Structures are given as C-alpha cells and as structure tokens.
There are 2 protein chains.
Amino acid sequence: MAKKVQIELGEAELEVMRALWDHGPQTVRDVMERLHERGRTVAYTTVLTFLTRLEQKGVVASDKRDQAYVYKSKISRQSVTMSRIKALVDQLYDGAAAPMLAQLIENERFTPDEITHLRKLIDDLDSKGS
Amino acid sequence: MAKKVQIELGEAELEVMRALWDHGPQTVRDVMERLHERGRTVAYTTVLTFLTRLEQKGVVASDKRDQAYVYKSKISRQSVTMSRIKALVDQLYDGAAAPMLAQLIENERFTPDEITHLRKLIDDLDSKGS
DNA sequence: TCTTACCTACGACAGCGGTAGTAGAACGCT
DNA sequence: AGCGTTCTACTACCGCTGTCGTAGGTAAGA
C-alpha cells in the first residue's frame with residue numbers, strides 16, 4: 001500500500017481526473033466534452049496534453065481501442081483527497097488534523113441532516129478506537 | 001469584510017506566512033532563521049523575494065525599523081486555511097463540504113480527547129443553527 | 001576614512017502547469 | 001487516387017513559484 005510520495009496535480013489536471021472518476025474511461029474527445037460541460041472550454045490538444053502528462057505521472061492509463069486511445073484513472077478520488085488534505089494539514093498545522101477539522105466544523109454551514117450524519121461518524125470513532 | 005477572491009500562496013510562501021503567524025512581525029533575517037529551523041535552508045535573498053512578493057500580493061505589510069524592514073502578516077491563518085479547504089472542496093466535491101469532512105473523519109486517527117472535542121463542536125452546531 | 005557587515009533592489013533562471021498550434025498518420029468517402 | 005476528418009506526437013509559450021547572485025546603499029567599528 002505504498003503511497004506515492006506525492007500526487008502532484010494542478011487544478012486543470014484535477015478536473016480531468018474528475019471527468020474520469022465521474023464518467024469512467026474515456027477518449028480525449030469525451031473528456032474534452034466533459035470539461036466543456038463544466039465550463040472549461042479548452043482545446044482538444046490541451047486535453048490531450050493533460051492526459052499525456054497524467055499518464056507520465058502514472059495516474060492514468062491508456063489503451064488503444066478502435067481509432068482512439070481510451071484513458072482511465074489509476075488512482076482513487078479518495079487517495080487524492082486525502083493526499084491533498086494531508087498536505088494542507090501538514091503545511092498549516094504541522095500534521096495535526098483535529099484543529100483543522102475543528103475550524104472546518106465551525107466555519108462551514110451544515111444542514112441538520114449533515115450534522116446528524118457527522119455526529120454518527122464521530123460516534124463510530126469511539127467504538128473503533130484509535 | 002470582503003475577502004480576497006483568492007489567496008493564492010505557494011508552499012514556500014505559506015511557510016513564510018507561518019513564521020509570521022507563529023512568531024509575530026519579523027525581519028527578513030528572522031524569517032530566514034525560522035525557515036532554517038524548520039529545515040528549509042534557503043538563502044537570505046530568497047526569503048527577501050518571498051516577502052517582497054507576499055507584500056505585492058497584499059498579504060503582508062512592512063515598515064522600516066532601525067536598519068531593516070519588519071514584516072507582518074495582514075491575513076489570518078484561519079482565512080488561508082478556509083480558503084484552501086474551500087478550493088479543495090470545490091475542486092473535488094463541487095463545494096459539498098460534508099462528504100469531504102466525512103472522509104476526513106473516517107481516515108484520520110484521533111485521540112479520545114480530540115473525539116470528545118469534536119463531538120462538542122458538532123453539538124454546538126445544533127444550538128447555533130444555520 | 002576605510003573596511004566590514006548587513007540591508008534592499010533588481011534581474012535571472014529553471015521547472016511546472018495551463019494552453020494551444022502544427023505536422024503527420026490513419027481512416028473513410030467520393 | 002484524392003480529400004476531409006480525426007487522432008497522436010511534438011513543440012512552444014507564458015505566468016507563477018522557488019531559488020539565487022550581484023550591485024549598490026548605509027551604519028558601525030578599526
């Protein structure tokens with residue numbers, strides 16, 4: 001379970017990953033359309049560049065099918081999220097997650113349902129123990 | 001209280017901000033020493049560049065005292081944290097904080113004390129309401 | 001006064017990420 | 001066979017960030 005030392009993804013690259021996470025393996029053209037839907041109207045070759053770089057970084061894989069390559073994500077959204085949060089917590093709180101979590105809880109607005117859900121998550125922590 | 005639309009800080013810049021947050025207003029040399037203590041052995045002029053850029057970005061202020069300028073942060077650690085988290089949540093979860101929070105709670109290890117504290121925070125949300 | 005030490009201003013450079021153009025291969029239609 | 005469409009490979013460029021070096025000011029000691 002060796003974690004990549006760092007999964008370094010830019011903002012646009014992340015949106016490409018999202019397209020793959022949300023809609024499964026796709027061609028360059030597919031991904032481009034997803035990005036356009038989300039308001040990022042980039043050129044076809046730009047998307048190609050993104051995917052090529054992501055493949056070099058080892059976070060997506062491609063295989064030729066019919067005319068075009070189909071790209072799929074090799075990493076989970078969760079691993080990226082956690083990696084990012086970890087970086088954040090390290091950079092701002094020396095790795096202590098609790099204070100950041102506290103701040104997050106205090107500053108965000110949650111619906112009653114969400115609150116109930118969060119409480120349940122916290123409760124579950126007890127039984128699990130550290 | 002209009003927040004900057006975006007507080008865009010690099011990783012090294014963030015460490016400079018931390019030095020200012022943790023130890024108050026300081027000279028270039030002071031900040032450099034803080035960075036060295038934290039294992040970032042950068043040159044004096046590099047720190048100077050950081051502080052100059054941060055001032056251009058409007059997040060630190062300087063005033064001349066004796067020989068050297070003393071720099072101080074103009075923004076709070078909290079605002080930066082929230083801004084970063086917001087970016088993260090937007091980028092990965094379309095702005096829905098709860099799912100990310102949930103993932104964070106599930107993946108991090110907390111001490112019993114921290115759990116108690118977190119529970120209290122959640123409880124307080126109820127009384128406060130949205 | 002000359003030297004030394006420290007400070008700031010300015011310029012430079014490389015790597016990365018976002019963005020795209022062009023060239024050339026491959027496929028299909030006429 | 002020739003043409004248009006589509007795909008990939010390559011190259012390029014700009015702005016930002018991390019990193020310094022050099023040059024020139026100024027204060028303080030020899």
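Heavy atoms only: backbone and side chains are in, while hydrogens, waters and symmetry mates are out. Proteins come first, then strands; the chains are lettered A, B, ... in the order of their sequence lines, and each starts at number 1. Only a predicted model underlies this, so the values are computations on that prediction, with no experimental measurement involved.
- Ranking D/dC7, D/dT17, D/dG21 by closeness to the B/Thr45 side chain, first place goes to D/dG21.
- When rounded to the nearest whole Å, the span between CG of B/Leu54 and P of D/dC16 equals 14 Å.
- With values rounded to the nearest 0.5 angstrom, B/Ser79 atom OG is found 13.5 Å from B/Lys86 atom NZ.
- Ion pair A/Arg40/A/Glu11 flagged as a salt bridge, since at least one NZ, NE, NH1 or NH2 atom sits closer than 4.0 Å to an Asp/Glu carboxylate oxygen.
- The distance between atom CZ of B/Arg38 and atom P of D/dG18, rounded to the nearest whole Å, is 15 Å.
- Closest to the A/Glu11 side chain, of the nucleotides C/dC27, C/dG18, C/dT19, is C/dG18.
- Remark: A/Arg119 does not engage A/Asp124 in a salt bridge, criterion side-chain N to carboxylate O under 4.0 Å.
- Checking C/dT19, D/dG18, D/dC20 against every side-chain atom of B/Arg40, the shortest atom distance belongs to D/dG18.
- B/Glu13 has its CD atom 11 Å from the P atom of D/dC16, to the nearest Å.
- Atom CD of B/Gln56 and atom C1' of D/dC16 are 12 Å apart (whole Å).
- Residue A/Lys64 places no side-chain N or O under 4.0 Å from the OP1 or OP2 atom of C/dA25.
- Without hydrogens or angle criteria, B/Gln103 side chain to A/Thr81 main chain gives no donor-acceptor distance under 3.5 Å.
- Projected onto DNA chain C by closest heavy-atom contact, A/Val42 and B/Arg29 fall at different nucleotides, the more 5' of which corresponds to B/Arg29.
- Taking 4.0 Å as the cut-off between side-chain N and carboxylate O, A/Arg53 and A/Glu13 do not count as a salt-bridged pair.
- The nearest whole Å value for the distance from the CD atom in A/Glu8 to the P atom in D/dG18 is 11 Å.
- Comment: B/Glu37 engages B/Arg34 in a salt bridge, judged by a side-chain N to carboxylate O separation of less than 4.0 angstrom.
- Side-chain N/O atoms of B/Tyr44 include one lying less than 4.0 angstrom from OP1 or OP2 on C/dC7.
- In this structure, CG of A/Asp30 is placed 11 Å from P of D/dT8, rounded to the nearest angstrom.
- Counting to the nearest Å, the P atom of C/dT8 and the CD atom of B/Gln67 are 10 Å from each other.
- Between A/Tyr69 and D/dC7, a side-chain N or O to OP1/OP2 separation shorter than 4.0 Å is absent.
- Distance, A/Asp66 CG to C/dA25 C1': 17 Å, rounded to whole Å.
- Of the charged side-chain nitrogens involved, at least one lies within less than 4.0 Å of a carboxylate oxygen, so that A/Asp22 and A/Arg77 count as a salt-bridged pair.
- Against DNA chain D, the stretch residues 46-53 of chain B makes heavy-atom approaches under 4.0 Å through B/Thr46, B/Thr49, B/Phe50, B/Arg53.
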